[in-house]
Amino acid sequence: MPKDFVIWRTGTAGQAKWLESFSSVLNGNVLHQKFERGGVGVPNSITAIFSLDYPDLVVATIDGTPLISIEITDQQPFGTNGQQRMARCWLAAYNEVPVAYVLPLEGYQIEEVAGPNLPSLMSEPNEERRNFLTCAASLPGVGFRTGTRLWNQGFRTENELLDPDNWEQMGLSESATKKLEDFAARHVTHSTPFSHIDRIPTRYFLTDVEGKTLKAYIRPVAEATALLLEAFEKMNERSPSEVFNRVPELKFLFRSNGVVHLMESKLHPELNFQNLPPEPGESRVSRPGTVKDDLELFMQFVDESCLGSRGSTGGAARYASDDGYFDESLLESVVRPLDGPVKLHELGSRDYSISRSHLCDSFEGDALLGETLSYEHFHVLSVTCNVERGLGDPYSGMLATRDLVFCRENFSSIDARKTGLVLNVIFGGLAAARHTFLEKKLRQVSRARIIGADSLDLTDLIKTVAENFRIEEIPKDIRLHLLLCDFIVISRKKGRTWSQQVIRGLPNLVRTGLLKEDCVMLRSMHI
Amino acid sequence: MTWSEERVTTETVLWLKGKGWEVLAVHPPDGQGPFVVFRKPIRNRNERSSYHPDVVAIRPDPKFGLRVLIVESKGVESDLSSDIEKIEELANDNFALRWIVFKLRRVEGFGLSGFDYEGMTGIPVSDLPIQFLFAASGPVAKYRTFKIRDFDAEEIIFEDV
């Protein structure tokens, strides 16, 4: 029987099967196709939606119109792992295709304890003291040292520590009280609008395994999650974009750090034992305004996207700062403002903001005049690299995230931003002399196709490449960098001195009229 | 016809279920598995710092409450030797073995099968209720039992018809 839809996948076959099994629209009405670039019969629109990076799953019509782009992982956002996938999400939103990302927003972690205090509790002979200090150590805002002080003051029980009536008497600082209050509301009394995972009972906080002390704790929503969620808010202005929470469960704390796996499905036994999200409707309801769990909402979002009615979650609250899921100050803490010109090679690996005039003064030489610096403010992602590692992942996704969260005004053009984006790469050690990022790599790529490529200056070469190459033909370790950065600043250490190269990316070339928005490279991203 | 590793794994899971094992996790050939066992870091060896068993299964045990089965599978019998070496290493890694028991620790209040981890801390590592299974396919069906350290090990070869 002819099918109406295709699931194009680069993820596992099980993920595609899981999607089909629980989607009312797709079940029995979909073909499964592994995406391979350049593969026979791959429609151009599908090649385009996979051109920046590879989404796990893309559901499309049978004739190749993408309907939704999907990411599925069991990793909580931490460090850069969640952002790593954002380039593919960015491209879907750019093309007004709905985007869904299924992942745990908070999680349980188990790791070895550093320092002597907590391991010493394992051999504490006084059981009451051991239990009290272990509980204190497990509570944000309290900790081992404060716990010791409180024990000496006469506090004895877990209930005393968790009783808000005692917090003033406990002598905690304002910020410590806030931490404890937030933790208790989220994980103990569950008195917040969004539901959060259960607190780990004190008896499971510390464990000895062959002489190593391990601690189990909740890794809360922090900067990495906030960045991801905020990026989805920006994409949602363009196209329905939604994050769906895989809620970890305490019962699987040790087996899988709480991640729930589909171990036994009566409805779809063929999915059993695979590492997949559980059945929709089996998890805790996570957000206010709905009685459905997030995997039910996800399937609803998929079905509506496939039917062309745009994905929705039926009025359920979003995981956004506006809806109170995270505090906006988490985003502010990501960026350090620079109050004057700086030596760009002295910046550490993190995010900065800088004014146009201070950035201009931070560039060496006069190769770049003021008129190319066409925003009042710039966001700087600074990366230090001392070895010859590729600068593709996670930086591609990190740049897409920064474009969305800190820079982009809208998607009307590649340069439709309120703030410019700068990638500041600092090469020391072996990388200073050997790393091919970015000019050497670009010249290698262009030599075979552009006659006289080596004689072009770098700006002309970038322009010529953009006019002749499709985006997916550019290696991933320079692709998003050229596509999204107004400037790429590269510092290399030579002996005791530093050299600086400032490269103009595509948004800058478009904004200053050197490159047209309908060049081959930018057109190739359109489905 | 030669079987894929995936098919051997699937057949093994069915075989184990028939013998009363409860399968907890299956690690897909190129994917992520839910059951990760940390290994002792070995200096100057560029290997993953964890074991990812192809299948993890449990069944009741009168002495310890549970027994754990760690399964490694390959498409064909001749490829099993690297898995056996890997498991021999695991079987001599006390931290990894104790970690397996820790991972299957019972969390009270949920009615899941699990070990009384604290109650088992006095048991020597070599007595832990862990056993191993190697599975593959070949022209002739075979089965043998042997020991790795003091642990029971089995090898099953499915006839690749």
Side-chain angles (χ1 to χ4, degrees), chain A residues 9-18 34 56 72-75 81 104 108 110-112 122 198-216 246 248-264 269-278, chain B residues 4 6 9-10 12-14 16-17 21-41 49 52 54-58 68 71 93-115 117-118 120-122 124-125 128:
Chain A
R9 68 174 174 87
T10 59
T12 64
Q15 287 176 337
K17 188 69 190 154
W18 174 80
K34 188 167 185 177
D56 283 339
I72 301 172
T73 181
D74 55 17
Q75 304 296 319
N81 69 348
Y108 296 114
I110 297 171
E111 66 185 28
E112 193 178 346
M122 305 300 294
D198 292 322
R199 175 182 172 233
I200 298 169
T202 298
R203 66 184 176 282
Y204 297 133
F205 177 53
L206 295 177
T207 310
D208 183 84
V209 178
E210 280 294 295
K212 292 184 197 295
T213 303
L214 304 176
K215 70 171 178 179
R246 286 179 69 173
E249 288 189 15
L250 187 59
K251 65 182 174 184
F252 294 123
L253 171 65
F254 298 107
R255 283 187 194 184
S256 56
N257 285 20
V259 176
V260 183
H261 302 277
L262 187 66
M263 293 182 183
E264 200 80 49
E270 72 279 9
L271 297 175
N272 284 351
F273 319 120
Q274 297 187 49
N275 184 20
L276 294 168
Chain B
S4 66
E6 201 167 3
T9 304
T10 305
T12 306
V13 166
L14 295 173
L16 289 173
K17 283 170 73 76
W21 289 94
E22 181 189 349
V23 176
L24 295 183
V26 177
H27 190 291
D30 296 316
Q32 297 173 322
F35 197 96
V36 178
V37 181
F38 282 101
R39 73 196 300 176
K40 199 168 45 185
S49 59
H52 301 253
D54 290 331
V55 179
V56 179
I58 54 174
V68 188
V71 182
D93 182 342
N94 287 356
F95 179 74
L97 294 168
R98 193 75 77 179
W99 179 268
I100 290 170
V101 177
F102 166 70
K103 291 280 279 184
L104 292 171
R105 181 181 186 177
R106 182 172 58 240
V107 180
E108 284 159 38
F110 293 106
L112 282 171
S113 302
F115 287 117
Y117 180 79
E118 307 293 357
M120 290 172 68
T121 49
V125 170
L128 290 174

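Here is the naming used below: chain letters follow the sequence lines, and residue numbers restart at 1 for every chain. None of the values given here were measured: they were computed from a predicted structure.
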Pairwise distance [atom1]([X]) to [atom2]([Y]) - rounded to 0.5 angstrom:
X: B:Lys103; Y: A:Ile110; atom1: NZ; atom2: CD1; result: 6.5 Å
X: A:Asn272; Y: B:Lys17; atom1: CG; atom2: NZ; result: 6.5 Å
X: A:Thr207; Y: B:Phe102; atom1: OG1; atom2: CZ; result: 4.5 Å

Do B:Val125 and A:Glu210 make a side-chain contact, defined as non-hydrogen atoms from C-beta onward lying under 4.5 Å apart?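 Heavy-atom side-chain distance check passes, below 4.5 Å.
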
Could you tell me if the side chain of B:Phe110 sits less than 4.5 Å from the side chain of A:Glu249, heavy atoms only?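 Contact flag for A:Glu249/B:Phe110 side chains = no.
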
By a 4.5 Å heavy-atom criterion (distance strictly below it), what part of A:Val209 contacts chain B: side chain, backbone, both, or neither?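 Both backbone and side chain.
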
Non-hydrogen atoms of chain B under 4.5 Å away: do they reach the side chain of A:Leu214, the backbone, both or neither?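 For A:Leu214, the side chain is the part near chain B, not the backbone.
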
Matching residue for A:Lys212 among B:Phe95, B:Trp99, B:Phe38 - test: side chain to side chain contact (heavy atoms under 4.5 Å, CB included):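 That would be B:Phe95.
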
Considering all heavy atoms, the nearest B:Val107-A:Lys251 contact: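 Heavy atoms only, the tightest pair is CG2-O, 3.9 Å.
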
Please report the shortest heavy-atom distance between B:Arg106 and A:Tyr204, naming the atom on each side.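 Result for this residue pair: O-OH, 3.5 Å.
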
Is there a side chain to side chain contact (heavy atoms under 4.5 Å, CB included) between B:Val56 and A:Arg255? Walk through the geometry before answering. CA-CA 11 Å; B:Val56 179; A:Arg255 283 187 194 184; over 6 Å; no

Between B:Leu24, B:Val36, B:Val13, B:Thr121, which shows the greatest number of heavy-atom pairs under 4.5 Å with chain A?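 The option with the most such pairs is B:Leu24.
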
Residues A:Arg203, B:Glu108: salt bridge by 4.0 Å N-O rule: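 Judged by the 4.0 Å cut-off on N to carboxylate O distance, A:Arg203 and B:Glu108 do form a salt bridge.
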
